[in-house]
Amino acid sequence: MNLSPLQKARYEYAPKLPGMLRNGIAEICVSEGAATTSVADQDKIAELFPNTYGKPEVTFKKGQNTSVAKKQVVGVILSGGQAPGGHNVVSGLYDALKATNKENVLLGFKGGPDGLLKNDYVVFDDEFINAYRNTGGFDIIGSGRTKLETEEQFAIVAENAKKNGLTAVVIIGGDDSNTNAATLAEYMAAHKTGIQVIGCPKTIDGDLKNEDIEASFGFDTATKTYSELIGNIERDANSAKKYWHFIKVMGRSASHVALECALETQPNICLIGEEVAAKKMSLAQITNYIADSVEKRAANGNNFGVAIIPEGIVEFVPEFGALIAEINELLAGSKTEEFNALPNWQAKYDFIKQGLTADAFKVFDLLPQGIQQQLFLERDPHGNVQVSLIESEKLFSELVKNELAKRKAAGTYKGKFGAQHHFFGYEGRCAFPSNFDADYCYSLGYNAFMLIQYGYTGYLSKVSNISKPAEEWVAGGMPITKMMNMERRNGKDKPVIRKALVELDGAPFKYFEAHREQWAVETCFTFPGAIQYYGPSEVCDLTTRTLALEKG
Ligand code: FBP
């Protein structure tokens, strides 16, 4: 394989561990804190997780290692969307496992949860692991989105685990995957398999965090990658002075990515889905908000700008949510075939007009035709509209264009409006992890093994105090059940990890709110540039603005 100079150099990078894990395995001891309770619905969660609920918080510290010496055979999977640093979780896990006992074995199950179900795995050795250290991507063993949730699936996983002599399974994933890790841990404990289950917090979306988990891994690198690109576009906009750029960024359920990129680049507009929902903003209100910025900037001779749109925005607009619910009903069952058989768009449009309520149709009719058609194109396996596929960057630029045409006719707007559209998502999910993510992920993996070695199950690997230098990081673990509550999923009440949305009274949003009026009218762009891996610490080891603001 041809290696780029950076890839070769990154192989040599030695990720930093928290100070307390640096003295060698023999000097890592554990201390237990108070028993925990779930964030809500305590009785129900306790009833559903009788073997793993209420366990104590765990912290590692320097001292005599008292864990029981036994051969460990650990299976690991990567689950869900890619996030920079996944390879380092695996290499940290591998290094701790081998440093504890050379006879220990790490198996990598391929393609996410499917690997556990199909018993499809590789056995890691030094050569294998060394080829992936400090690199982006999940290609070491691949990933997948199969949900592990039924008794039958758990029984197959337990059977395969026994067949391979596994003592533990590590699930590297987001909130759904770690919810599954908690349920699998409970199953393994209830069936007295002796197999432990540990989770690691991953997702570029940044929505797996809480008072214990300060950040999910991958968010740092992905947002830095998008911010570099957005900064470059801002420079281009400021150079050519002729386009408004509408940039959609990933984050299907929460707007953390959009907010972080806005804090990094100070665009003219950034929509925050959680605010749209809280203020029950309509499409027209959002359109006017953007059009006001375009109009004011045009009045100053600036016919250009940058707007960041979070991927999941439309689901936060109440009237849009109602429209989607009606469309899902309208096309339920065999009605999709009836709709698809209609000869042309006009016939389909008439069918939609007849089928929707007047309110829903009013919203539908506001949309550009391209977006109207998208709503009827792609369905998920349950027959629902896939909102993340809606080109919301084009939706808002079209709506703004129409609004500006009205304002021009009324004589209030005299500028020129030309739009460019971008979607940044996959560009950031497999970048070389920043030094922060390389260190954080390696520590999460190393720490996951310490939790296994000390006999814990149903825990999430936790590394905290991460806005400080790695030396001061605190390693430990948190029962996953502590993060759970009951939520309605597919018509049933289910125990799940509570997703973290952008908090409108949190410091990152407050900072943005205090500055956005100025950013909307003036040109205050900032240009973060590319992630730096080598050089001064103040350039290479920066955490996200979100984390810095949250931790004061
Ligand atoms: P996870 O929640 O699994 O980490 O994935 C998040 C994400 O990157 C979203 O931002 C995006 O909407 C989605 O994955 C895309 O998924 P896919 O890779 O299946 O297209």
Side-chain angles (χ1 to χ4, degrees), residues 203-210 215-216 219 222-224 226-227 230-231 233-234 244-294 305-321 387-388 390-397 399-400 422-425 428 498-521 524-526 528 544-550:
T203 178
I204 62 148
D205 289 3
D207 53 11
L208 173 47
K209 64 174 177 178
N210 46 53
S216 55
F219 179 73
T223 53
K224 283 185 169 119
Y226 306 142
S227 297
I230 295 168
I233 285 174
E234 288 179 338
W244 265 82
H245 293 266
F246 286 76
I247 305 170
K248 181 170 82 166
V249 291
M250 269 190 181
R252 50 187 164 171
S253 315
S255 307
H256 299 287
V257 172
L259 178 57
E260 170 62 21
C261 292
L263 295 170
E264 292 277 357
T265 61
Q266 304 188 175
N268 306 103
I269 297 288
C270 175
L271 302 179
I272 301 297
E274 290 81 344
E275 183 184 25
V276 165
K279 294 185 174 164
K280 298 193 174 28
M281 288 173 81
S282 65
L283 285 176
Q285 281 171 314
I286 302 171
T287 304
N288 277 326
Y289 169 63
I290 305 174
D292 286 350
S293 167
V294 176
V306 169
I308 301 179
I309 319 279
E311 183 183 29
I313 189 75
V314 287
E315 274 191 294
F316 287 98
V317 181
E319 59 186 346
F320 208 96
V387 218
S388 66
I390 294 171
E391 294 176 308
S392 41
E393 70 283 23
K394 292 193 181 149
L395 165 66
F396 285 108
S397 100
L399 293 177
V400 167
H422 316 264
F423 171 37
F424 296 148
R498 187 186 270 176
K499 214 181 250 304
L501 300 182
V502 169
E503 287 176 12
L504 301 182
D505 55 357
F509 181 78
K510 285 281 170 210
Y511 182 93
F512 167 68
E513 192 181 33
H515 292 83
R516 66 178 164 189
E517 263 180 49
Q518 185 193 2
W519 298 353
V521 183
C524 304
F525 302 154
T526 44
T544 57
R545 295 273 294 129
T546 301
L547 194 58
L549 286 162
E550 280 171 349

> Among T544, L549, T223, which one satisfies side-chain contact (heavy atoms from CB on, under 4.5 Å) with L263?
Replying inline: L549
> H245 pairs by side chain to side chain donor-acceptor pair (under 3.5 Å) with which of E234, H422, E393?
Replying inline: H422
> Hey, does L271 have a side-chain heavy atom less than 4.5 Å from the side chain of F316?
Replying inline: no
>> Under the criterion side chain to side chain contact (heavy atoms under 4.5 Å, CB included), I'd like the reasoning laid out for K279 against L504: C-alpha separation, chi angles, the key distance, then a yes or no.
In response: CA-CA 11 Å; K279 294 185 174 164; L504 301 182; over 6 Å; no
> Hey, is the main chain of A500 close enough, under 3.5 Å, to the side chain of H256 for a donor-acceptor pair?
Replying inline: yes
>> What verdict does the side chain to side chain contact (heavy atoms under 4.5 Å, CB included) test give for I204 and M250, after you've listed the backbone C-alpha separation in whole Å, the side-chain angles of each residue and the deciding distance to 0.1 Å?
In response: CA-CA 8 Å; I204 62 148; M250 269 190 181; 3.9 Å; yes
> Do V249 and I230 come close enough that some side-chain heavy atom pair is under 4.5 Å?
Replying inline: yes
> Y226 vs F424 aromatic rings, parallel, tilted or perpendicular, using cut-offs 30° and 60°?
Replying inline: parallel
> Can you check whether S293 reaches W244 side chain to side chain, under 4.5 Å on heavy atoms?
Replying inline: yes
>> Using only atom types and a distance under 3.5 Å, with no angle test, would you say the side chain of S282 pairs donor to acceptor with the backbone of Q285?
In response: yes
> To the nearest 0.5 Å, what is the distance between CD (E503) and CG (L259)?
Replying inline: 11.5 Å
> Donor-acceptor pair, D207 side chain versus L501 backbone, under 3.5 Å?
Replying inline: no
> What do the steps show when you test T265 against I308 for side chain to side chain contact (heavy atoms under 4.5 Å, CB included), and what is the final call?
Replying inline: CA-CA 10 Å; T265 61; I308 301 179; 4.1 Å; yes
>> Quick check: closest heavy atoms across P310 and K248, and the distance to 0.1 Å?
In response: C-CG, 4.5 Å
> Measuring from D292:CG to E517:CD, what's the distance to the nearest 0.5 Å?
Replying inline: 11.0 Å
> Is there a donor-acceptor contact under 3.5 Å linking the side chains of E274 and S255?
Replying inline: yes
>> Just to verify, which of V276, I269, V400 counts as forming a side-chain contact (heavy atoms from CB on, under 4.5 Å) with Y289?
In response: I269
> Atom NZ in K499, atom CG in N210: separation rounded to 0.5 Å?
Replying inline: 12.5 Å
>> Looking at every heavy atom in both C270 and F512, which two are closest together, and how far apart are they?
In response: O-CZ, 3.4 Å
>> Would you compute the distance between atom CG of L395 and atom CD1 of I313 and round it to the nearest 0.5 angstrom?
In response: 10.0 Å
> Between atom CD of E550 and atom OH of Y511, what is the distance when rounded to the nearest 0.5 Å?
Replying inline: 15.0 Å
> In Å and rounded to the nearest 0.5 Å, what is the CD to OG distance from E311 to S392?
Replying inline: 8.0 Å
>> Could you check whether any side-chain N or O of E319 sits under 3.5 Å from a backbone N or O of L283, counting only pairs where one atom can act as donor and the other as acceptor?
In response: yes
>> Could you report the tightest heavy-atom contact between F396 and F246, atom names first, then the distance?
In response: C-CE2, 4.2 Å
> Between P318 and K280, which heavy-atom pair has the shortest distance, and what is it?
Replying inline: CG-CA, 3.7 Å
> Is the backbone of R545 close enough, under 3.5 Å, to the side chain of E260 for a donor and an acceptor to pair up by distance?
Replying inline: yes
> Can any side-chain N or O of K224 pair as donor or acceptor with the backbone N or O of P528 at less than 3.5 Å?
Replying inline: no
> Passes side chain to side chain contact (heavy atoms under 4.5 Å, CB included), F219 versus V257? Steps please.
Replying inline: CA-CA 8 Å; F219 179 73; V257 172; 4.0 Å; yes
